Amino acid sequence: MNGVGLALEKGGIGADAVLTVIHGTTLATNALIERRGARTALVCTRGFRDTLRLAYENRYDQYDIWLNKPEPLVPRHLTWPVTERMGVAGTPLIELDETSVLEIAGKIRDEQIESVAIGLLHAYANPCHEERVRNLILRECPDVSITLSSEACPEVREYERLTTTVCNAYVRPLMARYLGALAAELADAGIRGPLLLMTSGGSICSLETAMNFPVRLVESGPSAGAVLAAQVAGRCGEPRVLSYDMGGTTAKICMIDDARPQTARIFEIARAARFMKGSGMTVRLPVIEMIEIGAGGGSIAGIDGLGRISVGPRSAGSEPGPSCYARGGTDATVTDADLVLGRLEATGFAGGSMTLDTDAARRAIQQDIADPLSMNVTTGALGMSEVVDENMASAAQVHAVERGKVLRQCTMIAFGGAGPLHACRMAEKLAIGRVVIPLHPGVGSAVGMLRAPVAFEVVRSRYMTLATFDAAVAAGIYSALAEEASTIVRQGAGDVLLEERRTCFMRYLGQGHEIEVPVSGGTIDDGEKKILQAAYDREYARQYSRSVPGMDVEILGWKLVVAAPLPDDPDTMMTTRRDEGAGSSRRHLVDPGTGQMVDVPVFSRELLAPGAVFEGPCVITEGQTTTVVTASFHGRIDCNGYIVLEAREATPS
């Protein structure tokens, strides 16, 4: 609310002029990582009490004999089975024993349960048993929060459906209180426009949807940054992009093709081993696919057991923050190193709202890095910077290789409070020859929220093969999905013309995983079978270089995305004339290539109009961040006002 008040003051507008508030929050993510959500119970089908503990029946690190898997959010003594059984086709095999449900209601009161996750076997095919359990529990315990797996994740794969449901139930009371309080305070402040929330899938949703399904908000901030990068890629006509968002705690890296971020349906929360796949809680929800590493301005540096400089993943956060903030922090951080290296100006930080303490930064680096390694402070700071840049470059390379991408063919779009500081050096390490810094890079995620559509994605599992394809059933599924999703989207978008995108998940008979295939819009008739077969053959051949003629194809799930029209792009062309004195000030900066201190010009971005050119090394300052141009790059301001940096020598493709 302090930020809202400041924005209204600086914008010179009254609260009644605000049409919409769009909010991204890490509250759900932090609650899951720190395990400070609601006291939650799980209701499951009898015989399946240990699904959360069995998980995939594997070890995320098979060579670690001391490995301990993280405990599920719901302990076993709060996992309560009921007698019932639903068949895979949605036909009840054993009717629900309501007596066992009423017994659970008594346990809910005795154990002071705040939230209940209900995940019964095959509820995606027929939710009637889950709905009856909910109604019986609410009759006895009207104040408890309840999440149904048939609503949170109505898809096959039992473990993922249960973990998604449990995670949603675990954070739902906390998020409901927070969002309700925020909405009330906005109303009290005179803001009458709707409060919308950013989701992990790159869209925004209504307050009601966010309160019911808060698990969809777990990566809301980073996903908004990827939306911004995609929009910038489209404006610049860049077909292959590496989005690089470096903030205070982490760096987020995302691949973007043809102005569309890569997306996924599986996401891991709160990994026990930060970079080990399988060590976290797997949830099935729409998410922009990215890799996140502990490399930000507040990342703390130290010396590891082998006498090497290490940086992150621990962070000084904002309180107390880096040592140079002079708020009680004493650890050497990346921001301290950037200050010592001359990349930051002590008196101009955060638009001049803060004065950094250079002496405190030097003392921290001296104590934590330089003295243990018998080097001077400047060398220690450069070592810290090189290590964090190498960590980010390595993570980007691995992320790209896993997805079949060649980074030297990509353009980097860099933003975040610390991204432009490190972009050129990281590009050098990755042999990327072009870097773009968009407008307002320090608040890139916030700008991305203004570009995101109001949308909602729904998926339903309903098994079918192409040999037994039933057009009427498929049409009925999409009709039900459209009704559900449209109702949710209109809560945030109002009465506007909505767009629909249909896809389904298909695989050859007997395969273990599916690929996503587009489904025709409009009426689905018997001719859809041939269209789906051809679309599947094309997509399978694109991914695996061949198809398998004559083999039947299974359809496991049906997906529909309903979206409101995209908002108008508020970016305008820059018309400010260049001030000839824009580069008259100078600064001493350590060249990372040579380790030598060099004297470089300092430009103010607001005084650089389209067509302005500059040579590295130099520094470009603005209120939110600083762009450091290394000696191997030269740059210009393009017609959008973006900083475009290009390597002096063409990078081989």
Side-chain angles (χ1 to χ4, degrees), residues 28-29 32-33 37 40 42-45 47-60 69-74 76 79 81 86 88 90 115-127 130 147-172 199-201 212-219 262-273 276-290 457-463 481 503-507 511-516 554-560:
T29 314
L32 289 165
I33 292 173
T40 304
L42 170 62
V43 178
C44 63
T45 300
F48 293 85
R49 190 179 184 185
D50 293 304
T51 299
L52 289 179
R53 286 147 197 82
L54 292 172
Y56 297 116
E57 298 184 89
N58 61 7
R59 296 160 55 86
Y60 62 82
K69 285 188 175 182
E71 283 295 314
L73 293 175
V74 179
R76 194 174 193 273
T79 303
M86 188 68 65
V88 68
S115 188
V116 177
I118 301 176
L120 304 182
L121 198 66
H122 300 310
Y124 59 85
N126 185 345
E130 282 196 350
T147 298
L148 303 186
S149 74
S150 53
E151 294 177 349
C153 183
E155 300 182 52
V156 296
R157 296 191 171 90
E158 198 68 14
Y159 171 66
E160 293 160 10
R161 185 163 60 91
L162 277 185
T163 54
T164 305
T165 305
V166 167
C167 287
N168 194 79
Y170 188 72
V171 299
R172 191 178 181 195
T199 71
S200 58
N212 288 332
F213 304 108
V215 72
R216 290 193 176 224
L217 274 57
V218 290
E219 286 289 290
Q262 293 198 340
T263 58
R265 292 281 306 152
I266 295 291
F267 177 66
E268 278 190 40
I269 302 173
R271 285 181 173 176
M276 294 291 289
K277 184 177 180 181
S279 65
M281 294 176 286
T282 304
V283 294
R284 180 173 284 269
L285 50 83
V287 62
I288 290 180
E289 189 173 34
M290 61 184 71
E457 174 183 312
V458 282
V459 179
R460 289 289 181 276
S461 289
R462 172 65 162 83
Y463 182 81
L481 295 180
T503 55
C504 64
F505 298 95
M506 305 173 68
R507 67 187 187 189
Q511 285 186 326
H513 297 278
E514 309 83 51
I515 60 175
E516 192 170 351
E554 301 173 308
I555 306 174
L556 269 71
W558 310 80
K559 170 181 165 182
L560 178 71

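Just the heavy atoms: all of them, side chains too, but no hydrogens, waters or symmetry mates, feed the values below. A quick note: this is a predicted structure, and the numbers were derived from the prediction, not measured.
- With hydrogens and angles disregarded, a donor-acceptor distance shorter than 3.5 Å links the side chain of Ser461 to the backbone of Val156.
- Thr79 is linked by a side chain to side chain donor-acceptor pair (under 3.5 Å) to nothing, counting only residues two or more places apart in sequence or in another chain.
- Distance alone, capped at 3.5 Å, is enough to place a donor-acceptor pair between the Glu268 side chain and the Gly280 backbone.
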Would Val459 and Phe505 satisfy side-chain contact (heavy atoms from CB on, under 4.5 Å), going step by step from the backbone distance to the final call? CA-CA 10 Å; Val459 179; Phe505 298 95; 4.0 Å; yes
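- For Thr147 (side chain) and Ala117 (main-chain N/O), no donor-acceptor pair under 3.5 Å exists by modelled atom type.
- Here Tyr170 pairs with nothing under the ring-ring contact (aromatic ring centres under 6.0 Å, His included) rule; sequence neighbours left out.
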Begin with the C-alpha distance, continue with both residues' side-chain angles, and end with the deciding distance and a verdict on side-chain contact (heavy atoms from CB on, under 4.5 Å) for Arg172 and Val215. CA-CA 8 Å; Arg172 191 178 181 195; Val215 72; over 6 Å; no
Do Val88 and Tyr124 pass the side-chain contact (heavy atoms from CB on, under 4.5 Å) test, and can you show the C-alpha distance, the side-chain angles, and the key distance before you say yes or no? CA-CA 9 Å; Val88 68; Tyr124 59 85; 3.8 Å; yes
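- A salt bridge links Glu457 with Arg265: the closest approach of a Lys/Arg side-chain nitrogen to an acidic carboxylate oxygen falls below 4.0 angstrom.
- Here the CH2 atom belonging to Trp558 is positioned 14.0 Å from the CD atom belonging to Glu155, to the nearest 0.5 angstrom.
- For the residue pair Thr51 / Glu158, no side-chain donor-acceptor distance below 3.5 Å is found, with atom types taken as modelled.
- Pairing each heavy atom of Met86 with each of Leu121, the nearest pair is CB-O, 3.4 Å.
- The minimum heavy-atom distance linking Arg284 with Thr164 is given by the pair N-OG1, 2.8 Å.
- Counting all heavy atoms, side chain and backbone alike, His513 lies closest to Arg507 at O-CB, 3.3 Å.
- Expressed to the nearest 0.5 Å, how far CD1 of Ile269 lies from CD of Glu219 amounts to 8.0 Å.
- Using a cut-off of 4.0 Å between Lys/Arg side-chain N and Asp/Glu carboxylate O, Arg157 and Glu514 are scored as salt-bridged.
- Leu42 and Leu162 get closest at one heavy-atom pair: CD1-CD2, 4.1 Å.
- Atom CZ in Arg216 sits 9.5 Å away from atom CG in Asn168 (nearest 0.5 Å).
- Atoms SG and NZ, from Cys504 and Lys559 in turn, are 11.0 Å apart once rounded to the nearest 0.5 Å.
- Closest approach of Ser150 to Glu130, counting heavy atoms only: OG-OE1, 2.8 Å.
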Applying side-chain contact (heavy atoms from CB on, under 4.5 Å), run through Thr163 and Leu52 and close with a yes or a no. CA-CA 7 Å; Thr163 54; Leu52 289 179; 3.7 Å; yes
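- The main-chain N or O of Arg76 is found under 3.5 Å from a side-chain atom of Arg49 such that the two form a donor-acceptor pair.
- By the ring-ring contact (aromatic ring centres under 6.0 Å, His included) test, Tyr159 is found to be paired with Tyr56, residues two or more places apart in sequence or in another chain being considered.
- Across all non-hydrogen atoms, the minimal contact from Asn126 to Gly90 is ND2-O, 2.8 Å.
- With values rounded to the nearest 0.5 angstrom, Ile118 atom CD1 is found 11.0 Å from Cys44 atom SG.
- A donor-acceptor pair shorter than 3.5 Å can be found between the side chains of Ser149 and Arg161.
- For the atom pair CG (Leu32) and CG (Leu73), the distance works out to 6.0 Å, reported to the nearest 0.5 Å.
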